[in-house]
**Student:** 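The following block contains the structure, expressed as structure tokens.
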Amino acid sequence: MSTERSLEDKIRWVIDVEEIKMLMSKYCQGIDKHDEEMFMSIWADDAVYVLPRGEGKGIEGVRELVRKVWQQVPRCHHHITNPVIEFDGDTATARTDVTYYRLTSDGIHQLLSGGYDFVFARIDGGWRIRRMEFASFVSLSPIFKENVLG
């Protein structure tokens, strides 16, 4: 039995990868620019959003958590890199690295890195984030050391 994928399957894979990358980009753009409409458009109705600040379940839970982020971290700039995306039918997972700059509400500047674990679902023909969880910080840059509390 051949394990060779058809050209159609290969094209579908490329399209799916690019659609999922676009969701991750919209996550970054939406959270960084405080674009609530863009940010909320990427989530499944039953989404779970897990951050060190809390957990949001469902669309309204995700909205409440991102508003909390915007209040506590009024300025940030995310860079998601190195996505490893795997598919299983109409679901997919991705692990990424993330580096981001932030200015907290108390004036602290930080450069942080860590990772994200995503679960995606194909819903009504399009991909949505079903679960996103921040994996713990890997590093805190000394660049802004004088501003870091603790």
Side-chain angles (χ1 to χ4, degrees), residues 1-104 109-144:
M1 185 170 167
S2 174
T3 58
E4 186 70 24
R5 293 188 302 166
S6 70
L7 179 58
E8 184 178 304
D9 288 344
K10 290 176 182 179
I11 291 170
R12 176 80 261 159
W13 182 86
V14 170
I15 291 168
D16 288 342
V17 164
E18 289 304 313
E19 287 178 358
I20 285 173
K21 285 181 180 179
M22 183 59 71
L23 287 177
M24 291 187 281
S25 294
K26 286 182 176 182
Y27 172 84
C28 293
Q29 289 288 321
I31 200 166
D32 291 347
K33 308 295 190 243
H34 295 219
D35 185 335
E36 188 168 329
E37 182 178 347
M38 178 187 291
F39 187 83
M40 296 308 301
S41 74
I42 64 178
W43 299 93
D45 290 343
D46 61 349
V48 178
Y49 184 30
V50 182
L51 298 174
R53 307 185 144 46
E55 183 173 314
K57 292 183 179 178
I59 290 296
E60 289 312 309
V62 170
R63 187 185 316 277
E64 287 176 28
L65 183 53
V66 76
R67 287 177 176 173
K68 180 179 180 181
V69 170
W70 289 332
Q71 182 179 36
Q72 294 176 358
V73 183
R75 296 177 76 189
C76 56
H77 193 83
H78 290 72
H79 301 272
I80 292 179
T81 61
N82 308 322
V84 176
I85 303 168
E86 296 182 6
F87 296 93
D88 185 9
D90 287 337
T91 62
T93 59
R95 296 193 73 145
T96 70
D97 295 326
V98 59
T99 301
Y100 75 105
Y101 302 88
R102 71 181 181 185
L103 172 63
T104 62
H109 291 270
Q110 295 174 318
L111 171 60
L112 306 136
S113 69
Y116 288 130
D117 290 320
F118 288 93
V119 176
F120 302 92
R122 190 187 325 260
I123 300 169
D124 297 327
W127 290 100
R128 295 287 177 264
I129 298 172
R130 177 155 281 149
R131 181 179 178 83
M132 190 220 131
E133 184 168 352
F134 176 75
S136 65
F137 292 116
V138 174
S139 66
L140 173 64
S141 173
I143 294 171
F144 305 115

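Side-chain atoms are counted along with the backbone in the values below, which use heavy atoms only and exclude waters and symmetry mates. All values derive from a computational prediction rather than experimental measurement.
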**Student:** Just verifying a value: how many Å separate Tyr101 OH and Gln110 CD, rounded to the nearest 0.5 Å?
**Tutor:** 13.0 Å

**Student:** Centre-to-centre under 6.0 Å for Phe87 and Trp127, is that the case here?
**Tutor:** yes

**Student:** Please list, chain by chain and in numerical order, all residues satisfying salt bridge (Lys or Arg N to Asp or Glu O under 4.0 Å) with Glu133, sequence neighbours excluded.
**Tutor:** Arg131

**Student:** Under the salt bridge (Lys or Arg N to Asp or Glu O under 4.0 Å) rule, collect the residues that match up with Lys10, sequence neighbours excluded.
**Tutor:** Glu4

**Student:** So, do Phe134 and Val98 sit near enough that their side-chain heavy atoms are less than 4.5 Å apart?
**Tutor:** yes

**Student:** Could you walk me through whether Tyr27 and Met22 satisfy the side-chain contact (heavy atoms from CB on, under 4.5 Å) test, starting with their C-alpha distance in whole Å, then the side-chain angles of each, then the deciding distance to 0.1 Å, before giving a yes or no?
**Tutor:** CA-CA 8 Å; Tyr27 172 84; Met22 183 59 71; over 6 Å; no

**Student:** If you round to the nearest 0.5 Å, how far is CG of Leu23 from CD of Glu18?
**Tutor:** 11.5 Å

**Student:** Show which side-chain atoms of residues 88-96 pair as donor or acceptor with protein atoms under 3.5 Å away, not counting sequence neighbours.
**Tutor:**
| unit_1 | atom_1 | unit_2 | atom_2 | d |
| --- | --- | --- | --- | --- |
| Asp90 | OD1 | Arg122 | NE | 2.8 |
| Thr91 | OG1 | Asp88 | O | 2.9 |
| Arg95 | NE | Asp117 | OD1 | 2.9 |
| Arg95 | NH2 | Asp117 | OD1 | 3.4 |

**Student:** In Å and rounded to the nearest 0.5 Å, what is the CZ to CG distance from Arg102 to Leu111?
**Tutor:** 10.5 Å

**Student:** Does Glu19 have any side chain to side chain donor-acceptor pair (under 3.5 Å) partners at least two apart in sequence or in another chain, and if so, which?
**Tutor:** none

**Student:** Taking the side chain as every heavy atom from C-beta outward, state whether Leu112 and Thr99 have any atom pair closer than 4.5 Å.
**Tutor:** no

**Student:** Using the test salt bridge (Lys or Arg N to Asp or Glu O under 4.0 Å), find all partners of Arg12 that sit at least two apart in sequence or belong to another chain.
**Tutor:** Asp16

**Student:** For a 4.5 angstrom cut-off between non-hydrogen side-chain atoms, does Arg53 reach Val73?
**Tutor:** yes

**Student:** How about Trp43 and Arg130: do any of their side-chain heavy atoms sit closer than 4.5 Å?
**Tutor:** no

**Student:** When rounded to the nearest 0.5 angstrom, what is the spacing between CE in Met132 and CZ in Phe118?
**Tutor:** 5.0 Å

**Student:** NE2 of His77 to CG of Leu103: how many Å apart, nearest 0.5 Å?
**Tutor:** 14.0 Å

**Student:** Distance from Ile80 atom CD1 to Lys21 atom NZ, nearest 0.5 Å?
**Tutor:** 12.5 Å

**Student:** Are there more than 12 heavy atoms of other residues, nucleotides or ligands under 6.0 Å from atom CZ of Arg75?
**Tutor:** no

**Student:** Could I get the full list of salt bridge (Lys or Arg N to Asp or Glu O under 4.0 Å) partners for Lys57, not counting sequence neighbours?
**Tutor:** Glu55

**Student:** What is the minimum heavy-atom distance between Ala44 and Ile59, and which atoms define it?
**Tutor:** O-CD1, 3.5 Å

**Student:** Please output the side-chain donor-acceptor pairs of residues 28-40 that fall under 3.5 Å, not counting sequence neighbours, one pair per line with the distance.
**Tutor:**
| unit_1 | atom_1 | unit_2 | atom_2 | d |
| --- | --- | --- | --- | --- |
| Asp32 | OD1 | His78 | N | 3.3 |
| Asp32 | OD1 | His78 | ND1 | 2.6 |
| Asp32 | OD2 | His78 | N | 2.7 |
| His34 | NE2 | Pro74 | O | 3.0 |
| Asp35 | OD1 | Glu37 | N | 3.3 |
| Asp35 | OD1 | Met38 | N | 3.0 |
| Glu36 | OE1 | Arg67 | NE | 3.3 |
| Glu36 | OE1 | Arg67 | NH2 | 3.4 |
| Glu36 | OE2 | Arg63 | NH1 | 2.7 |
| Glu36 | OE2 | Arg67 | NH2 | 2.8 |

**Student:** Would you please name every residue forming a side chain to side chain donor-acceptor pair (under 3.5 Å) with Asp45, sequence neighbours left out?
**Tutor:** none

